[in-house]
A.B. asks: 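Sharing a structure with you now.
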2 protein chains.
Amino acid sequence: MARWHSERMGQQAAPQSEAVVGAPRDTRQRRAVLGALGEMESFRSAQVIHGSIVRSGQRIGLATVYRTLKLLADAGEVDVVRDAAGEQLFRRCEASRHHHHLVCVSCGTAVEVESAPMERWADQVGREHGFSAVRHSVEVFGVCPGCTRRAAGQAG
Amino acid sequence: MARWHSERMGQQAAPQSEAVVGAPRDTRQRRAVLGALGEMESFRSAQVIHGSIVRSGQRIGLATVYRTLKLLADAGEVDVVRDAAGEQLFRRCEASRHHHHLVCVSCGTAVEVESAPMERWADQVGREHGFSAVRHSVEVFGVCPGCTRRAAGQAG
DNA sequence: ATGGGTGCAAATAATTTGCAGGTAA
DNA sequence: TTACCTGCAAATTATTTGCACCCAT
């Protein structure tokens, strides 16, 4: 079922009156996730992240990885994109400001790109049609220089 | 698992030598799906499309709806986008040319928008970084004028 | 007649959640 | 001590697939 309505329309900091909502605890598994994210320089799925942590010898549940990644995503500390299969891919957020990526479909490497022109376009498009609360979902994909060269070498 | 590699990088017509691969048959259920798509003027999920067909009195299986929609999508006859939950939304393709949509998160209405400026931005971004085979996935969401007004009337 | 199309149920797969402990603060 | 955090398994959800039967061609 589509859930247009339940979608978060734009996050504003929770208006905590007392801020008793609990600060994130510093646990072994949270550190492991953060550590894994720190070593990655491209987008990875939760499953892959979990696998790499386990492979490195640390015990952690897949559910915990999901929970932690969701927390981090909600906190804006990791970026989330969806691949063509609809699967979520995570990467630690370089900057806190709004930004977009150019992702290599071959090796997964992602670079942050200058998106101001596109932001303006999106805003304008929304305004032109009288829409409010305009947001956008933008990903640019392609084959990075390295992979392009490699591919050229293999096939003709 | 991520499947960057399996993604279709650009479709070329299958090099059928004899074209015996079977043309789509004209069945009641296929007509029903096409009919439902014809009445929709915004993106809908497969489940919703199935529901509307069933509600209209016609018998059809959900799997068939999925199969048919996938065929149509592969044939480029319907557009597919993913909502924030990763669910696929379908709509009959207005034009065969490349285009993008502005979708209302409240009522689902979608309008096709002028995307040339953004296309240029995406191409340039890719070129700047030396990427080849650059594609992009872009959706703009917001609340349409009608829904904005309605919401303003209800809540303060 | 025949091979693609269909329905149904079971299978997948990613992600979430219930619950009984564990543990940072 | 006390919430939050975790692990595990079961539950959810969207989508796909196996299979026996049906029907456009």
Side-chain angles (χ1 to χ4, degrees), chain A residues 1-8 14 16 18-36 43-51 53-54 57-75 78 80-90, chain B residues 1-4 6-7 14 16 18-36 43-51 53-54 57-75 78 80-90:
Chain A
M1 292 291 132
R3 268 181 277 153
W4 297 110
H5 307 290
S6 65
E7 215 181 287
R8 201 195 305 73
Q16 72 290 27
E18 298 299 322
V20 267
V21 278
R25 286 188 186 170
D26 179 33
T27 67
R28 176 175 54 79
Q29 7 315 62
R30 181 159 312 207
R31 211 150 30 223
V33 171
L34 257 357
F43 286 87
R44 295 280 185 276
S45 71
Q47 319 247 356
V48 167
I49 292 172
H50 171 254
I53 294 175
V54 170
Q58 312 180 65
R59 293 191 77 248
I60 187 172
L62 178 56
T64 300
V65 173
Y66 272 109
R67 277 187 282 235
T68 303
L69 287 172
K70 170 173 275 189
L71 280 177
L72 293 172
D74 286 346
V78 304
V80 189
V81 303
R82 287 198 185 261
D83 65 14
E87 193 177 12
Q88 300 179 146
L89 302 179
F90 307 81
Chain B
M1 293 292 128
R3 265 183 277 152
W4 297 110
S6 67
E7 216 182 285
Q16 73 290 26
E18 299 299 323
V20 268
V21 278
R25 287 188 186 172
D26 178 30
T27 66
R28 176 173 54 78
Q29 355 337 47
R30 179 160 313 211
R31 212 149 31 222
V33 172
L34 256 358
F43 286 87
R44 295 281 186 275
S45 72
Q47 318 247 356
V48 166
I49 292 172
H50 171 254
I53 295 175
V54 170
Q58 313 180 64
R59 293 191 76 247
I60 189 173
L62 177 56
T64 298
V65 173
Y66 271 109
R67 277 188 283 234
T68 304
L69 287 173
K70 168 173 276 188
L71 280 178
L72 293 172
D74 285 346
V78 303
V80 189
V81 304
R82 285 195 187 266
D83 66 14
E87 193 176 15
Q88 299 180 147
L89 302 178
F90 307 82

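Reminder, nothing fancy here: chain letters follow the sequence lines and each chain counts from 1.
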A.B. asks: Roughly how many Å is it from CD1 in B/I60 to P in D/dC22, rounded to a whole number?
C.D. replies: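 That distance rounds to 18 Å.
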A.B. asks: Please report the shortest heavy-atom distance between A/A36 and A/I49, naming the atom on each side.
C.D. replies: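 Heavy atoms of A/A36 and A/I49 come nearest at CB-CG2, 4.0 Å.
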A.B. asks: Would you check if the side chain of B/R28 reaches a backbone N or O of B/R59 as a donor-acceptor pair within less than 3.5 Å?
C.D. replies: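 Answer holds: yes.
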A.B. asks: Just N and O in the side chain of B/T27: are any of them under 4.0 Å from OP1 or OP2 of C/dT6?
C.D. replies: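 For C/dT6, OP1 or OP2 has a side-chain N or O of B/T27 closer than 4.0 Å.
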A.B. asks: Using 0.5 Å steps for rounding, measure from the OG1 atom of B/T68 to the NE2 atom of B/H50.
C.D. replies: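 Separation between the atoms: 11.0 Å.
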A.B. asks: When all nucleic acid strands are considered with a 4.0 Å heavy-atom cut-off, which category describes A/R67: base, sugar-phosphate, or nothing?
C.D. replies: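 Contact class for A/R67: base.
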A.B. asks: Checking side chain to side chain contact (heavy atoms under 4.5 Å, CB included) against A/F90, which of A/V48, A/V80, A/V33 comes through?
C.D. replies: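 For A/F90, the side chain to side chain contact (heavy atoms under 4.5 Å, CB included) check succeeds only for A/V80.
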A.B. asks: Please state how far atom NE2 in B/H50 lies from atom C1' in D/dT13, giving the value in whole angstrom units.
C.D. replies: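 Atom NE2 in B/H50 sits about 16 Å away from atom C1' in D/dT13.
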A.B. asks: Relative to the 5' end of DNA chain C, which residue comes earlier, A/D26 or A/A63, by the nucleotide with the nearest heavy atom?
C.D. replies: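 Nearer the 5' end of the strand: A/A63.
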A.B. asks: Let me know the distance between CZ of B/R28 and C1' of C/dG7, rounded to the nearest Å.
C.D. replies: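 Taking atom C1' of C/dG7 as the reference, CZ of B/R28 is at 10 Å.
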A.B. asks: Whole Å only: how far is the CD atom of A/Q58 from the P atom of D/dC5?
C.D. replies: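 Rounded to whole Å, this separation is 18 Å.
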A.B. asks: Please determine, for the side chain of A/R30, which listed nucleotide (C/dT6, D/dT6, C/dC8) has the closest atom?
C.D. replies: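 It is D/dT6.
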A.B. asks: Specify the angle, to 10°, made by the local axes at the two ends of the helix from C/dA1-D/dT25 to C/dA25-D/dT1 when five pairs are taken at each end.
C.D. replies: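 Taking the rotation axis at each end, their angle is 30°.
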A.B. asks: C/dT16 C1' sits how many Å from A/L62 CG, rounded?
C.D. replies: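 It works out to 10 Å between those atoms.
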A.B. asks: Taking 4.0 Å as the cut-off, does a side-chain nitrogen or oxygen of A/Q29 come that near to OP1 or OP2 on D/dG7?
C.D. replies: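 Yes, because at least one side-chain N or O of A/Q29 sits under 4.0 Å from OP1 or OP2 of D/dG7.
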A.B. asks: C/dG7, D/dG7, C/dT6: which one has an atom nearest the side-chain heavy atoms of B/T68?
C.D. replies: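 Closest nucleotide to the B/T68 side chain: C/dT6.
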A.B. asks: Going from CZ on B/F43 to CD on B/E87, what distance comes out if it is rounded to the nearest 0.5 angstrom?
C.D. replies: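 Rounded to the nearest 0.5 Å, the CZ-CD separation comes out at 13.5 Å.
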A.B. asks: Taking CD from B/E87 and C1' from C/dT15, how many angstroms apart are they, rounded to a whole number?
C.D. replies: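 Atom CD in B/E87 sits about 14 Å away from atom C1' in C/dT15.
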A.B. asks: Between atom NZ of B/K70 and atom CD of B/Q88, what is the distance when rounded to the nearest 0.5 Å?
C.D. replies: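 The CD atom of B/Q88 is 7.5 Å from NZ of B/K70, to the nearest 0.5 Å.
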A.B. asks: Taking only N and O in the side chain of A/R25, is any of them less than 4.0 Å away from OP1 or OP2 of D/dA3?
C.D. replies: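 It does not, given that no N or O in the side chain of A/R25 lies less than 4.0 Å from OP1 or OP2 of D/dA3.
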A.B. asks: Using the side chain to side chain contact (heavy atoms under 4.5 Å, CB included) rule, pick out the option among A/T64, A/L71, A/V65, A/I60 that qualifies with A/R30.
C.D. replies: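 Result: among A/T64, A/L71, A/V65, A/I60, A/L71 is the only option passing the side chain to side chain contact (heavy atoms under 4.5 Å, CB included) with A/R30.
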A.B. asks: Between CG of B/L89 and CG of B/L69, what distance do you get to the nearest 0.5 Å?
C.D. replies: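 Interatomic distance, B/L89 CG to B/L69 CG, rounded to 0.5 Å: 11.0 Å.
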A.B. asks: Give a yes/no on whether any side-chain N or O of B/Y66 is located under 4.0 angstrom from OP1 or OP2 of D/dT16.
C.D. replies: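 No, outside the criterion.
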A.B. asks: Rounded to the Å, how far apart are B/L71 CG and C/dG5 C1'?
C.D. replies: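 Whole-Å distance recorded here is 10 Å.
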A.B. asks: For B/K70 and D/dT15, is the shortest distance between a side-chain N/O and OP1 or OP2 below 4.0 Å?
C.D. replies: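 No, B/K70 has no side-chain N/O under 4.0 Å of OP1/OP2 on D/dT15.
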A.B. asks: Among the nucleotides D/dT6, C/dT6, D/dG7, which one has an atom lying closest to any side-chain atom of B/T64?
C.D. replies: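 Among the listed nucleotides, the one closest to the side chain of B/T64 is C/dT6.
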A.B. asks: OP1 or OP2 of C/dT15 versus the side-chain N and O atoms of A/Q88: is any pair under 4.0 Å?
C.D. replies: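 Result: yes.
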A.B. asks: Rounded to the nearest Å, what distance is computed from the CD atom of residue B/Q47 to the C1' atom of nucleotide D/dT16?
C.D. replies: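 Roughly 12 Å, once rounded to whole Å.
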